[in-house]
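The block underneath contains the structure these notes are about, expressed in structure tokens.
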Amino acid sequence: GAVVSQHPSWVICKSGTSVKIECRSLDFQATTMFWYRQFPKQSLMLMATSNEGSKATYEQGVEKDKFLINHASLTLSTLTVTSAHPEDSSFYICSANRDSLPEQYFGPGTRLTVT
Amino acid sequence: QQPVQSPQAVILREGEDAVINCSSSKALYSVHWYRQKHGEAPVFLMILLKGGEQKGHDKISASFNEKKQQSSLYLTASQLSYSGTYFCGTEVKAAGNKLTFGGGTRVLVKP
């Protein structure tokens with residue numbers, strides 16, 4: 001149990017376009033979902049925390065108008081990178097809590113390359 | 001504030017032991033340990049919630065010191081599959097399970 005999926009696994013897009021990444025909890029209802037960004041050989045940096053039906057809470061330095069998060073249901077959260085630029089290229093990973101338990105279960109990640 | 005992990009990297013022979021430390025300047029509410037293989041998402045290993053707590057699974061165990069500012073992960077009789085980058089994630093206070101991750105420790109286990 002506690003499986004989290006992400007779609008797509010990778011995406012290449014042109015500078016200036018928008019990209020949507022989906023995060024789904026497959027076998028549980030996720031009370032909270034988290035979005036992280038990871039650059040090569042670096043740690044995971046929390047971007048935002050989202051709870052179903054409410055606005056996401058963004059970490060300091062993360063532009064909420066650029067990284068739009070929608071937590072439409074207890075099993076789905078989406079991250080839209082708007083007007084992507086090459087510096088947005090990164091590995092984006094979501095995670096979810098199950099039943100308000102503290103463990104976070106991570107999705108497989110989405111590698112975004114902006115050309 | 002990001003917890004400090006040490007060492008940054010370690011190379012082991014199969015069967016050897018290693019210790020990875022995670023230190024915080026603040027008292028921690030919980031410590032989570034994850035292992036990430038190249039190009040993959042982190043995999044949850046274990047969580048420690050109480051000062052003085054120790055946990056283990058197979059030959060990987062962890063402790064959380066009494067002052068709740070440091071945790072250590074112990075790799076015992078390491079296997080090839082233990083290779084990867086280990087991250088500790090810390091929660092400073094009980095606030096929505098939000099974690100701050102350390103810089104990671106790269107572990108390479110050689111035959």
Side-chain angles (χ1 to χ4, degrees), chain A residues 1-7 9-10 21 23-25 28 30-52 54-62 71 90-111 113, chain B residues 1-9 20-24 28-50 53 55 57 62 64 68 71 83-108:
Chain A
V3 179
V4 177
S5 72
Q6 273 185 250
H7 178 80
S9 300
W10 58 271
I21 302 170
C23 176
R24 292 181 186 272
S25 56
F28 67 99
T31 50
T32 306
M33 286 184 169
F34 303 88
W35 286 96
Y36 295 87
R37 181 166 54 183
Q38 186 178 36
F39 292 106
K41 296 186 178 180
Q42 293 189 23
S43 187
L44 296 96
M45 299 303 296
L46 180 65
M47 298 175 67
T49 304
S50 80
N51 293 288
E52 184 263 341
S54 59
K55 289 184 179 180
T57 302
Y58 290 81
E59 294 300 299
Q60 194 171 9
V62 178
H71 197 148
S90 187
F91 193 47
Y92 291 86
I93 315 174
C94 70
S95 69
N97 285 127
R98 174 180 186 171
D99 299 330
S100 297
L101 295 174
E103 295 90 342
Q104 288 190 26
Y105 296 95
F106 283 84
T110 297
R111 188 161 302 282
T113 304
Chain B
Q1 193 170 6
Q2 188 178 37
V4 177
Q5 279 186 242
S6 63
Q8 289 187 325
I20 300 169
N21 296 306
C22 175
S23 296
S24 171
L28 302 173
Y29 178 76
S30 67
V31 179
H32 305 224
W33 285 97
Y34 291 82
R35 178 173 62 214
Q36 184 179 32
K37 298 205 180 254
H38 181 68
E40 300 178 8
V43 173
F44 174 76
L45 294 176
M46 64 190 80
I47 178 176
L48 299 115
L49 292 167
K50 301 175 185 177
E53 186 173 24
K55 274 186 181 178
H57 182 68
F64 191 10
K68 300 180 73 175
S71 177
S83 293
T85 301
Y86 290 78
F87 291 99
C88 66
T90 58
E91 186 179 8
V92 176
K93 60 181 179 179
N97 301 323
K98 193 171 79 169
L99 298 179
T100 303
F101 284 88
T105 296
R106 269 181 274 171
V107 173
L108 176 61

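Order of the sequence lines sets the chain letters (A, B, ...), proteins ahead of strands, with each chain counted from 1. Please read these numbers as outputs of a predicted model, since none were measured by experiment. Atom set for the values below is all heavy atoms of this structure, side chains included, hydrogens, waters and symmetry mates excluded.
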For the [atom1] atom of [X] and the [atom2] atom of [Y], what is their distance to the nearest 0.5 Å?
X	Y	atom1	atom2	value
B:Lys98	A:Gln104	NZ	CD	11.0 Å
B:Phe44	A:Ser95	CZ	OG	12.0 Å
B:Thr100	A:Glu59	OG1	CD	7.5 Å
A:Gln42	B:Thr85	CD	OG1	12.0 Å

Practice task
Return the option, out of A:Gly109, A:Pro108, A:Pro40, with the maximum number of heavy-atom pairs under 4.5 Å with chain B.
Solution key: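 Of the candidates given, the most pairs with chain B belong to A:Pro108.
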Problem - Heavy-atom proximity to chain B below 4.5 Å, by part of A:Ile93 - result: side chain
Problem - Atom group of A:Gln38 that falls short of 4.5 Å from chain B, counting heavy atoms - result: side chain
Handout entry: Residues, nucleotides or ligands: over 12 heavy atoms within 6.0 Å of B:Lys37 NZ
Key =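 Yes.
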Exercise for the section: Please report the closest heavy-atom contact between A:Phe106 and B:Pro42, naming both atoms and the distance. Expected result: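 Smallest interatomic distance, heavy atoms only, reads CB-O, 3.5 Å.
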Problem - Sidechain-backbone polar pair: A:Tyr105 side chain, B:Val43 backbone, donor-acceptor under 3.5 Å - result: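 Pair absent, no side-chain N/O of A:Tyr105 close to backbone of B:Val43.
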Handout entry: A:Met45 side chain reached by B:Phe101 side chain, heavy atoms, under 4.5 Å
Key =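 Counting from C-beta outward, B:Phe101 and A:Met45 never come under 4.5 Å.
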Handout entry: Side-chain heavy-atom pair A:Ser43, B:Gln2 within 4.5 angstrom cut-off
Key = yes
Fill in the blank from the handout: Counting heavy-atom pairs under 4.5 angstrom with chain A, the leader among B:Met46, B:His38, B:Gln36 is B:Gln36
